[in-house]
Student: 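Got a structure here, written out as structure tokens. Questions coming.
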Amino acid sequence: MGKEIGITVKKSEDFSEWYTQLVVKAELADYAPVKGLIVLRPDGYSIWESIKSSLDEKLSHTGHRNGFLPVLIPESLLGKEKDHFTGFNPEVFWVTRSGDGELGDKLALRPTSETLAYTMYAKWIRSWRDLPLKINFWNSALRAEIKATKPFLRTSEFLWQEGHTAHAERDEAEKEVIDILEIYKKTVENELAIPVITGKKSEKEKFVGAVYTLTMESLMPDGKALQMGTTHFLGQNFSKPFEVKYADKNNVENFVWQTSWGVSWRLIGGMIMVHGDDKGLVLPPRVAPIQVVIIPIYRSNEEKNMVLEKSREIKQELDNRKIRAHLDDRDQVTPGFKFNDWEMKGVPIRIELGPKDLEHDKVVFVRRHNQLKQEYPINIVVEIIIKELEKIHNDMFSDAQKILDERTVTLETYDDFKSELDKGMLIKAPICDNPSCEEKIKEETGADIRVIPDGCDDDDSKCIYCGDQSKIRPLFARGY
RNA sequence: GGGAUUGUGGUCUAGCUUGGUAUGAUUCUGCGUUUGGGUCGCAGAGGUCGAGUGUUCGAAUCACUCCAAUCCCA
């Protein structure tokens, strides 16, 4: 009976199917009529808006401003930086017609906006006084994903922000990619309660066209790593072909030093996977569209009036304290239905209020993340809620941190590497500086270097693959 | 990139082998009943059977092409 309304598979048994069901049944997103595209529904969009406003606030403190770029990029521009073009070309959507006519220069639906942004930057930057130029763009990007699409993780169009900065000094640009990565880390930890590991990408995995890429990675419950955000030090790789130049104080022309960086709605996918359970979503309180749901319980009309009146009072008080509260006064479904419904949607706190509670001036208080059920006096419930929302966030984060720590192993042999990998572990293992070792490992196991954390130099060990003297001890995993 | 599976009212589904005008549940609307972990009754609404082409007197059913989705492996 009614089982098919909820999630029909267990997270531990069929992770992939579980994930897809959560996204659709909790009404975060739904499939669009075109392959690889999804529609973001209000609850999903609300979470994205929370992430956006948190990031916007931090970026405004660091002097970044928002702008907007068009979605079409002429082929001639996209091709100006060769590696960049070669890297992206296989997944670019092209516009070749307008109405009945063929277009002369075909147009790309932006897979990323470096080429377009820097064409504009070349016009806007003349003097050292114009630097640094730090603009962030909230938009969508399109990359043709033919196979293995998955909502939020791999779709042909995705929401993201891309920051593009230009600096007079190399050092300043290199500091920028570190600072932004720290802002990303704070956002993911403080809003989504997901612990991340930061560091560098390997040569093989860096952004095409960058000098190097910094990344933050998180481990998902199925043992795959999810790249949660990246910042790229572009050096002068783009400023030269795009002629982004400025006159310094001595009136000498120089190419600018550039960075670009982005996070996408993948963060939402990560949040679903890390925190969700067999009953549905579990939303971190700070991004939950509804933080508290009030379920009134009654039999007679008289009880209904009393319970609803008190419920509205509590709701009003929560509104006044800027807590996102919802009173579920639907009459056509029972409380039991509502419990299941809101649990599937991941609302962090549920308050039950019925005649028995009114009699004793109490409410029943249930936390979504650990199912803990308690009673509290009505007159202090708002204070409790405010405290608990904080605590729930911290609990969710430390639970996730604990799991990440437990599932990180350090080891020395390739056999161990393979067996631990199959257990879904994140592996710290030594490797030499021959790029073919990483290639081979990827070919044979599906895992690659996810992140090279600061201070992981290690020239005392043997490369896990070839046995030569190691150089570093980075983190390996299979990736999304 | 390779493989497997699937598509029938909003949702889940029977029917397909053996071609004859689509079954049940749920949802939705109305009325009543009920409400502390997925209430119940009565009445009503809702389907170009993913799309196209072919075979046929006749196609959800057979054949081919396309579209979309899911899972597994690289």
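Residue numbering restarts at 1 for every chain, and letters A, B, ... go by the order of the sequence lines. Model, not experiment: these values are computed from the prediction.
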Student: B:rC64 pairs with which nucleotide, Watson-Crick or G-U wobble, both distances below 3.5 Å?
Tutor: B:rG52

Student: Using atom C1' in both nucleotides, what's the gap between B:rC72 and B:rG37 to the nearest angstrom?
Tutor: 36 Å

Student: Quantified in whole Å, what is the C1' atom distance between nucleotide B:rU26 and nucleotide B:rG46?
Tutor: 13 Å

Student: Of all residues at least two apart in sequence or in a different chain, which pass the side-chain contact (heavy atoms from CB on, under 4.5 Å) check with A:K442?
Tutor: A:K204, A:D448

Student: Classify the ring geometry of A:W342 against A:H326: parallel below 30°, tilted from 30° to 60°, perpendicular beyond 60°.
Tutor: tilted

Student: Just wondering, do A:V366 and A:L372 contact through their side chains at under 4.5 Å, heavy atoms?
Tutor: no

Student: Is the closest basic N to carboxylate O distance between A:E420 and A:K423 below 4.0 Å?
Tutor: yes

Student: Check the distance between B:rA69's C1' and A:Y31's OH and give it to me in whole angstrom.
Tutor: 7 Å

Student: From CZ of A:R330 over to C1' of B:rC28, roughly how many Å is that when rounded to an integer?
Tutor: 14 Å

Student: If we take the P atom in both B:rA59 and B:rG3, what is their distance in whole Å?
Tutor: 34 Å

Student: Can the ring centroids of A:W138 and A:W48 be said to lie less than 6.0 angstrom from one another?
Tutor: yes

Student: If you measure from the P atom in B:rA25 to the same atom in B:rA14, how many Å do you get, rounded?
Tutor: 15 Å

Student: Just the rounded figure in Å: distance from P of B:rC66 to NZ of A:K35.
Tutor: 14 Å

Student: Would you please confirm or rule out a distance under 4.0 Å between OP1 or OP2 of B:rA68 and any side-chain N or O of A:T149?
Tutor: no

Student: Please find out if less than 6.0 Å separates the ring center of A:F152 from that of A:W265.
Tutor: yes

Student: Work out how far the P atom of B:rG38 is from that of B:rA22, and round it to whole angstrom.
Tutor: 37 Å

Student: Searching all strands shown, indicate the nucleotide that pairs with B:rU34 (Watson-Crick or G-U wobble; both distances under 3.5 Å).
Tutor: none

Student: Looking for any heavy atom pair under 4.0 Å, which part of the strands does A:G354 touch: base, sugar-phosphate only, or nothing?
Tutor: base

Student: Classify the side chain of A:D357 versus the base of B:rG36 as yes if they form a donor-acceptor pair under 3.5 Å and no if they do not.
Tutor: yes

Student: Nearest to the side chain of A:T334, which nucleotide is it out of B:rC71, B:rU35, B:rU70?
Tutor: B:rU35

Student: Round to the nearest Å and state the distance from A:D30 atom CG to B:rG10 atom P.
Tutor: 14 Å

Student: Over all strands shown, is A:K279 touching base, sugar-phosphate only, or nothing at heavy-atom distances under 4.0 angstrom?
Tutor: base

Student: With both distances kept under 3.5 Å, what pairs with B:rC71, Watson-Crick or G-U wobble?
Tutor: B:rG3

Student: Rounded to whole Å, how long is the line connecting atom CZ of A:F337 with atom C1' of B:rU34?
Tutor: 15 Å

Student: Please measure how far the P atom in B:rG10 lies from the corresponding atom in B:rG47, and state the result in whole Å.
Tutor: 7 Å

Student: Under 3.5 Å, is there a donor-acceptor pair between the A:D331 and A:Y298 side chains?
Tutor: yes

Student: Let me know, please, whether A:V363 or A:P151 comes out on the 5' side of the other along RNA chain B by nearest nucleotide.
Tutor: A:V363

Student: Mind checking the C1' distance from B:rU11 to B:rA43? Whole angstroms is fine.
Tutor: 22 Å

Student: B:rG37 phosphate, OP1 or OP2: any side-chain N/O from A:K338 under 4.0 angstrom?
Tutor: no

Student: Once you apply a heavy-atom cut-off of 4.0 Å, does A:E343 come out as touching a base, just sugar-phosphate, or nothing?
Tutor: base

Student: Could you go over nucleotides 4-6 of chain B and give all protein N or O partners under 3.5 Å, atom names and distances?
Tutor:
none

Student: Using the six-membered ring wherever Trp is involved, compare the ring planes of A:F85 and A:W94 and label them parallel, tilted or perpendicular (cut-offs 30° and 60°).
Tutor: tilted

Student: So if I take every side-chain heavy atom of A:D341 and compare against B:rG37, B:rC72, B:rG38, which nucleotide ends up nearest?
Tutor: B:rG38

Student: Once you round it to whole Å, what is the distance between P of B:rU35 and CZ of A:F339?
Tutor: 14 Å

Student: Would you check if A:E352 and A:V363 make a side-chain contact, meaning some heavy-atom pair closer than 4.5 Å?
Tutor: no

Student: So what does A:E17 hit on the nucleic acid, given a heavy-atom distance under 4.0 Å: a base, only sugar-phosphate, or nothing?
Tutor: sugar-phosphate

Student: Want to settle it: does A:P296 or A:G446 sit nearer the 5' end of RNA chain B, counting the closest nucleotide to each?
Tutor: A:P296

Student: Hey, would you say the A:H84 and A:F207 ring centroids sit under 6.0 Å apart?
Tutor: yes

Student: Under 4.0 angstrom, heavy atoms only, what part of the nucleic acid is A:K356 near: base, sugar-phosphate, or nothing?
Tutor: base

Student: Just how far, in rounded Å, is C1' of B:rU34 from CG of A:D331?
Tutor: 10 Å

Student: Considering only the C1' atoms, how many Å lie between B:rG7 and B:rG50, rounded to the nearest integer?
Tutor: 6 Å

Student: According to a strict under-4.0 Å criterion, is A:T20 in side-chain N/O contact with OP1 or OP2 of B:rC71?
Tutor: yes

Student: Got a donor-acceptor pair under 3.5 Å from the side chain of A:R299 to the base of B:rG36?
Tutor: no

Student: Using the side-chain heavy atoms of A:D14, tell me which of these nucleotides is nearest: B:rA69, B:rG38, B:rC71.
Tutor: B:rC71

Student: May I ask which nucleotide in the shown strands pairs with B:rU39, Watson-Crick or G-U wobble, both distances under 3.5 Å?
Tutor: none

Student: Does B:rG44 pair with anything, Watson-Crick or G-U wobble, both distances under 3.5 Å, and if so, with which nucleotide?
Tutor: B:rC28

Student: Once you round it to whole Å, what is the distance between P of B:rU26 and CG of A:N340?
Tutor: 18 Å

